[in-house]
2 protein chains.
Amino acid sequence: MDTTVGLRERKKAETRQAVHEAAMRLTMEHGLDNVTVEAIADAANISRRTFSNYFAGKEDALLYGEQRRIWSLVEAFRARPAEESTWQALLNAARGLYEEVGEPNRELAIQTRLVKQHPSLLARQMANHIRVERELSRAIAEREGLEPGASRPRVLAAAYLMSLRIAANLWIDAQPDESRRPSLLELAEEVLAEFAQPFR
Amino acid sequence: MDTTVGLRERKKAETRQAVHEAAMRLTMEHGLDNVTVEAIADAANISRRTFSNYFAGKEDALLYGEQRRIWSLVEAFRARPAEESTWQALLNAARGLYEEVGEPNRELAIQTRLVKQHPSLLARQMANHIRVERELSRAIAEREGLEPGASRPRVLAAAYLMSLRIAANLWIDAQPDESRRPSLLELAEEVLAEFAQPFR
DNA sequence: CATAATATATGCCCACTGAGCAACTTTGCT
DNA sequence: AGCAAAGTTGCTCAGTGGGCATATATTATG
């Protein structure tokens with residue numbers, strides 16, 4: 001066979017996605033605290049034991065979508081042309097993601113709200129954030145030809161991811177009754193711009 | 001009685017501290033994975049059930065010291081004179097903490113290393129970081145007379161805490177074989193300064 | 001000071017969880 | 001086809017969080 005990915009991998013990816021969606025649906029229906037791992041596994045047609053092979057807990061299953069989104073940023077950044085400055089490349093990576101995701105993103109909004117309400121979700125999400133930050137820091141160090149231990153890549157990576165996080169929060173907090181609700185992308189650019197200016 | 005804090009509160013604080021220390025000791029002896037809540041409770045002379053009244057899990061017990069340290073920053077910031085700029089006040093709050101804590105801080109080093117090795121600890125710590133960030137953001141908004149929903153306080157609070165986190169990581173990563181190991185305070189100032197400059 | 005009100009500690013209990021193990025099934029490769 | 005590798009499942013168990021009731025300690029009040 002010459003399919004890029006074998007049947008095995010494809011099925012795994014499908015199962016993972018199915019579990020994620022089952023977790024989302026059940027959580028929205030009954031609330032995170034009233035959903036057991038067993039219920040999610042049932043809804044996804046796998047055994048409780050197998051669930052453990054895919055995710056470490058229901059929180060991870062829930063956050064799977066968000067995880068993929070964030071990790072894709074690193075990929076997108078690495079794919080930016082070398083002519084762009086690092087910061088520009090990061091900005092463009094974010095733009096690409098937001099355009100691809102589409103603005104009126106229901107799932108993103110729901111997930112962000114969920115994370116805000118449940119400390120256990122917040123914890124897992126931030127832990128993942130840090131892992132992404134490390135990887136992004138490495139990517140930045142490579143692009144700029146710095147040692148991986150330098151401080152600048154870390155600062156850039158952290159500042160960037162943080163900006164996106166803050167933008168998402170601002171977006172969620174924005175009251176829908178305001179006449180003009182800012183788009184997520186606009187907010188992100190605003191926050192990123194604020195970062196690019198010196199603090200006084 | 002007019003003692004500022006009653007016996008009740010003092011005892012609670014003592015117990016909390018005792019549990020924290022027991023958790024630290026046992027973890028250093030046997031490794032986090034080989035320590036049960038029951039063992040910690042025993043070592044601190046309380047029942048397993050009572051442990052739950054103090055901490056949500058062994059991770060929280062372990063991170064108690066770090067938590068107090070970070071929360072104290074908010075207090076310190078609020079106590080800075082109004083003449084200082086916000087950023088200056090934040091810097092001085094950090095200086096105060098680091099001076100108070102003292103440089104060759106064994107516990108801080110151990111905790112930072114532990115967090116680096118155990119994702120569950122990392123998750124909890126970051127979740128707490130976010131809570132502190134919210135509170136600090138509120139404090140900044142008050143000081144600058146901004147609405148709590150504005151973006152600038154959030155950006156400042158996040159950038160500040162992130163700087164301290166990065167500094168701690170740089171500090172831990174610094175090889176002790178280097179002739180001159182930078183102090184934590186120096187690293188923090190360096191990172192904070194990097195933030196105060198525009199990104200290119 | 002006595003006693004009521006309140007907060008804390010503990011024991012008992014149970015549903016949920018993560019993971020090791022071994023048997024079994026599916027997929028990939030030749 | 002046939003074997004090896006990877007994935008799935010059931011069984012099991014120690015560990016965990018938390019509700020509830022009870023006992024005990026602290027604080028407030030008359």
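Here is the naming used below: chain letters follow the sequence lines, and residue numbers restart at 1 for every chain.
For B:Asn34 and C:dA19, the CG to P distance is 14 Å, given to the nearest whole Å. In this structure, B:Arg49 places its CZ atom 17 Å from P of D:dA23, rounding to the nearest Å. Between B:Ile40 atom CD1 and D:dG15 atom P the separation is 13 Å, expressed in whole Å. Atom CD in B:Glu14 sits roughly 16 Å away from atom C1' in C:dA9 (whole-Å rounding). Rounding to whole angstrom units, CG of residue A:Asp33 and P of C:dA15 are separated by 18 Å. Atoms CD1 (A:Ile46) and P (C:dG18) sit 13 Å apart, rounded to a whole Å. In this structure, A:Lys58 atom NZ and D:dG17 atom P are separated by 13 Å, rounded to whole Å. Taking atom CG on A:Asp60 and atom C1' on C:dG18, their separation rounds to 12 Å, with Å as the unit.
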Given A:Lys116 and A:Asp173, is the side chain to side chain contact (heavy atoms under 4.5 Å, CB included) satisfied, shown in steps?
CA-CA 10 Å; A:Lys116 208 179 172 185; A:Asp173 290 350; 2.5 Å; yes

For B:Arg78 and B:Glu135, run side chain to side chain contact (heavy atoms under 4.5 Å, CB included): C-alpha distance rounded to whole Å, both residues' side-chain angles, the deciding distance at 0.1 Å, then the answer.
CA-CA 11 Å; B:Arg78 283 205 156 105; B:Glu135 188 59 28; 3.3 Å; yes

Step by step, work out the side chain to side chain contact (heavy atoms under 4.5 Å, CB included) result for B:Leu108 and B:Arg69.
CA-CA 10 Å; B:Leu108 178 55; B:Arg69 247 173 264 134; 3.0 Å; yes

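Taking 4.0 angstrom as the limit, B:Lys11 places none of its side-chain polar atoms (N or O) nearer than this to OP1 or OP2 of C:dT8. Using a 4.0 Å cut-off, some side-chain N or O of A:Lys12 falls inside it from OP1 or OP2 of D:dG7.
Positionally, the nearest nucleotide of DNA chain C for B:Ser47 lies more toward the 5' end than for the other of B:Ser47 and A:Glu9. When each of B:Asn53 and A:Phe51 is assigned the nucleotide of DNA chain C bearing its nearest heavy atom, the one mapping closer to the 5' terminus is B:Asn53.
Nearest to the side chain of B:Tyr54, among C:dT8, D:dT8, C:dT27, sits C:dT8. Across C:dT26, D:dT16, C:dG11, the shortest atom-to-atom separation from the side chain of B:Val37 is found for D:dT16. Residue A:Ser52 places its side chain closer to C:dA19 than to any other of C:dT10, C:dA19, D:dG17. Checked against D:dG17, C:dA19, D:dA5, the side chain of A:Arg8 finds its nearest nucleotide in D:dA5. Of the listed nucleotides (C:dA19, C:dT26, D:dT16), C:dA19 has the atom at the smallest distance from the side chain of A:Arg48.
Atom CZ of A:Arg95 has more than 12 heavy atoms from other residues, nucleotides or ligands within 6.0 Å.
Contact annotation for A:Thr50: base contact, defined as any heavy-atom pair under 4.0 Å involving a base atom.
If you take CD on B:Glu59 and CG on B:Leu63, they are separated by 8.0 Å, rounding to the nearest 0.5 Å.
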